[in-house]
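Report on the structure given below.
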Amino acid sequence: MNEGQKTTVRLSYNEQASNYAARRMMQTGNLHRLLDLVQQRGLFGERNELRVLDVGCGNAVCCHVLRERFESVKFDYTGIDLSDELIRLGRESLGDDAELIVGDAESMPFEHGAFDLVLSNSVLHWLNVPSQGLSPAKAIAECSRVLSPDGLLAMSISGAGTAGRLLDAYNAVVPDFGPNNVVAGTRLDPIGSMSLSEVVQLVEATGMSVVSGTLNYEPVEYPAPVDYLKDVRAYGYRVFTRPAGEERREELWAALSSRFSESVAERPYRHEQYMIYALALRPTQESSAGRAHPSR
């Protein structure tokens, strides 16, 4: 992700921090499903202490969920996020009971092998901007670097197909606001949704072994389209309105909301959510060396 994109994401979450903290229905559901997969690996049953890093931690909801779900495990929890406002909210709720820092997933200030478990829930797709040649490759490499040997990386990432009807509305209105930002014939995806094969390739490029990878269809039901739009605004207002420039952001948001609501009159509204869940192991030095120099 380039600096402009990072600034957009950071400002978006800063401005919407309180709103986002109150509207985490989709993300919390994703987190529980991700932790179900981690639990199936036996990680929480084998150890009573775990050093955990939460990449893109927001206001550190994950820390509360971990401690509520796995009371017998002592979690040494660290969270990192671009948004200083979300970090502030997380510190208010956790106090000195966790380490929360403002930082960049592509350049994390942690030592090699510092964590047993690295989690990233509904975050890394924001780094995927193919039109600008950007992907989560650096962030995934950093996750691998800070994992201990045999440490586990667990990620949920927005999959291709997510928010299809919203993106139809977005692509219909955005050329009127930022023609220089739209390549003719190109479908824009501000969410950065990925394919499962893309995620697997990025993980394997770091030397980690993918032990589980799924693409699930998990529709989320809202009372009405407007309720869904409130969630979208909470997590991506500036990302969606970036092509309009500062002075016309609200105008673009209003046009998107109107177009979407007119095209989707369903009550309740079923948001089309496709989620990728991937687990990967960082190999020990011995197993890594074995793959690099196979016996003959």
Specify the closest pair of heavy atoms between [X] and [Y], including all atoms of both residues, with the distance to one decimal.
{"X": "Cys57", "Y": "Leu100", "value": "SG-CD2, 4.3 Å"}
{"X": "Asn128", "Y": "Pro136", "value": "OD1-CD, 3.9 Å"}
{"X": "Ala154", "Y": "Leu279", "value": "CB-CD2, 3.4 Å"}
{"X": "Leu196", "Y": "Gly213", "value": "CD2-O, 3.8 Å"}
{"X": "His64", "Y": "Leu94", "value": "CE1-CD2, 3.5 Å"}
{"X": "Leu153", "Y": "Met208", "value": "CD2-CE, 3.5 Å"}

Starting at [atom1] of [X], measure out to [atom2] of [Y] and round the result to the nearest 0.5 Å.
{"X": "Glu106", "Y": "Leu124", "atom1": "CD", "atom2": "CG", "answer": "9.5 Å"}
{"X": "Glu250", "Y": "Ser257", "atom1": "CD", "atom2": "OG", "answer": "8.0 Å"}
{"X": "Leu147", "Y": "Leu53", "atom1": "CG", "atom2": "CG", "answer": "8.5 Å"}
{"X": "Leu37", "Y": "Met155", "atom1": "CG", "atom2": "CE", "answer": "12.0 Å"}
{"X": "Leu134", "Y": "Leu127", "atom1": "CG", "atom2": "CG", "answer": "8.0 Å"}
{"X": "Ser144", "Y": "Leu281", "atom1": "OG", "atom2": "CG", "answer": "10.5 Å"}

Is atom [atom1] of [X] surrounded by more than 12 heavy atoms (other residues, nucleotides or ligands) closer than 6.0 Å?
{"X": "Glu71", "atom1": "CD", "answer": "no"}
{"X": "Arg259", "atom1": "CZ", "answer": "no"}
{"X": "Glu247", "atom1": "CD", "answer": "yes"}

Next item on the list: Using the side-chain contact (heavy atoms from CB on, under 4.5 Å) rule, take Ser148 and Arg282 through it: C-alpha gap first, then chi angles, then the decisive distance, then the call.
Entry: CA-CA 7 Å; Ser148 61; Arg282 184 183 179 198; 5.9 Å; no
Checking the side chain of [X] only, and the main-chain atoms of [Y] only, is there a donor and an acceptor separated by less than 3.5 Å?
{"X": "Thr214", "Y": "Asn216", "value": "no"}
{"X": "Asp84", "Y": "Val102", "value": "no"}
{"X": "Asp227", "Y": "Ala224", "value": "yes"}
{"X": "Ser93", "Y": "Gly90", "value": "yes"}
{"X": "Glu198", "Y": "Ser195", "value": "yes"}
{"X": "Ser120", "Y": "Val123", "value": "no"}
{"X": "Asp189", "Y": "Ile191", "value": "yes"}
{"X": "Glu142", "Y": "Ala105", "value": "no"}
{"X": "Glu272", "Y": "Arg165", "value": "yes"}

Can you find a heavy atom in the side chain of [X] that is under 4.5 Å from one in the side chain of [Y]?
{"X": "Phe260", "Y": "Pro225", "result": "yes"}
{"X": "Leu229", "Y": "Ser261", "result": "yes"}
{"X": "Val199", "Y": "Tyr277", "result": "no"}
{"X": "Met275", "Y": "Arg33", "result": "no"}
{"X": "Ile157", "Y": "Ser193", "result": "no"}
{"X": "Asn59", "Y": "Glu85", "result": "no"}
{"X": "Thr162", "Y": "His125", "result": "no"}
{"X": "Ile276", "Y": "Leu215", "result": "yes"}

Answer with yes or no whether the side chains of [Y] and [X] bring together a donor and an acceptor at under 3.5 Å.
{"X": "Ser122", "Y": "Asn30", "value": "yes"}
{"X": "Arg69", "Y": "His32", "value": "yes"}
{"X": "Asp54", "Y": "Tyr77", "value": "yes"}
{"X": "Ser156", "Y": "Asn121", "value": "yes"}
{"X": "Glu262", "Y": "Ser258", "value": "yes"}

Notebook entry, point to check: Which pairs pass ring pair (Phe, Tyr, Trp, His ring centres under 6.0 Å) with one or both residues in residues 154-175, sequence neighbours excluded?
Noted result: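 Passing the test, one end in residues 154-175: Tyr170-Phe240.
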Checklist line | Mutual orientation of the aromatic rings belonging to Tyr222 and His271 [parallel < 30°, tilted 30-60°, perpendicular > 60°] | finding: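 Perpendicular.
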Notebook entry, point to check: Taking the inter-plane angle between the rings of Trp253 and Tyr237 on a 0 to 90° scale, is it parallel (under 30°), tilted (30 to 60°) or perpendicular (over 60°)?
Noted result: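 Ring orientation of Trp253 relative to Tyr237: perpendicular.
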Got a salt bridge between [X] and [Y], using NZ or NE/NH1/NH2 to carboxylate O under 4.0 Å?
{"X": "Arg267", "Y": "Glu221", "result": "no"}
{"X": "Glu92", "Y": "Arg88", "result": "yes"}
{"X": "Arg67", "Y": "Asp97", "result": "yes"}

Next item on the list: Among Val52, Val146, Asp76, Val55, find the residue that satisfies the side-chain contact (heavy atoms from CB on, under 4.5 Å) test when tested with Phe115.
Entry: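 So the option named by the test is Val146.
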Notebook entry, point to check: Only one of Ile101, Ile80, Val118, Thr78 clears side-chain contact (heavy atoms from CB on, under 4.5 Å) with Met108; which?
Noted result: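 With Met108 as partner, Ile101, Ile80, Val118, Thr78 yield a single side-chain contact (heavy atoms from CB on, under 4.5 Å), made by Ile80.
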Notebook entry, point to check: Step by step, would you call Lys74 with Leu50 a side-chain contact (heavy atoms from CB on, under 4.5 Å)?
Noted result: CA-CA 6 Å; Lys74 179 181 178 183; Leu50 278 174; over 6 Å; no
Note to self: Does Lys230 form a side-chain contact (heavy atoms from CB on, under 4.5 Å) with Arg233? I'd like the steps, not just the answer.
What the structure shows: CA-CA 5 Å; Lys230 289 177 182 177; Arg233 185 178 181 109; 5.8 Å; no
Checklist line | Chi angles and distances behind the salt bridge (Lys or Arg N to Asp or Glu O under 4.0 Å) call for Glu246, Arg238 | finding: CA-CA 9 Å; Glu246 198 66 44; Arg238 275 189 170 265; 2.9 Å; yes
Next item on the list: Can you tell me which residue pairs pass the salt bridge (Lys or Arg N to Asp or Glu O under 4.0 Å) test with a partner in residues 113-131, sequence neighbours excluded?
Entry: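 Checked against salt bridge (Lys or Arg N to Asp or Glu O under 4.0 Å) - neighbours excluded - the pairs reaching residues 113-131 are Arg47-Asp116, Arg51-Asp116.
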Next item on the list: Could you walk me through whether Leu119 and Cys62 pass the side-chain contact (heavy atoms from CB on, under 4.5 Å) test, one step at a time?
Entry: CA-CA 9 Å; Leu119 294 167; Cys62 180; 3.5 Å; yes
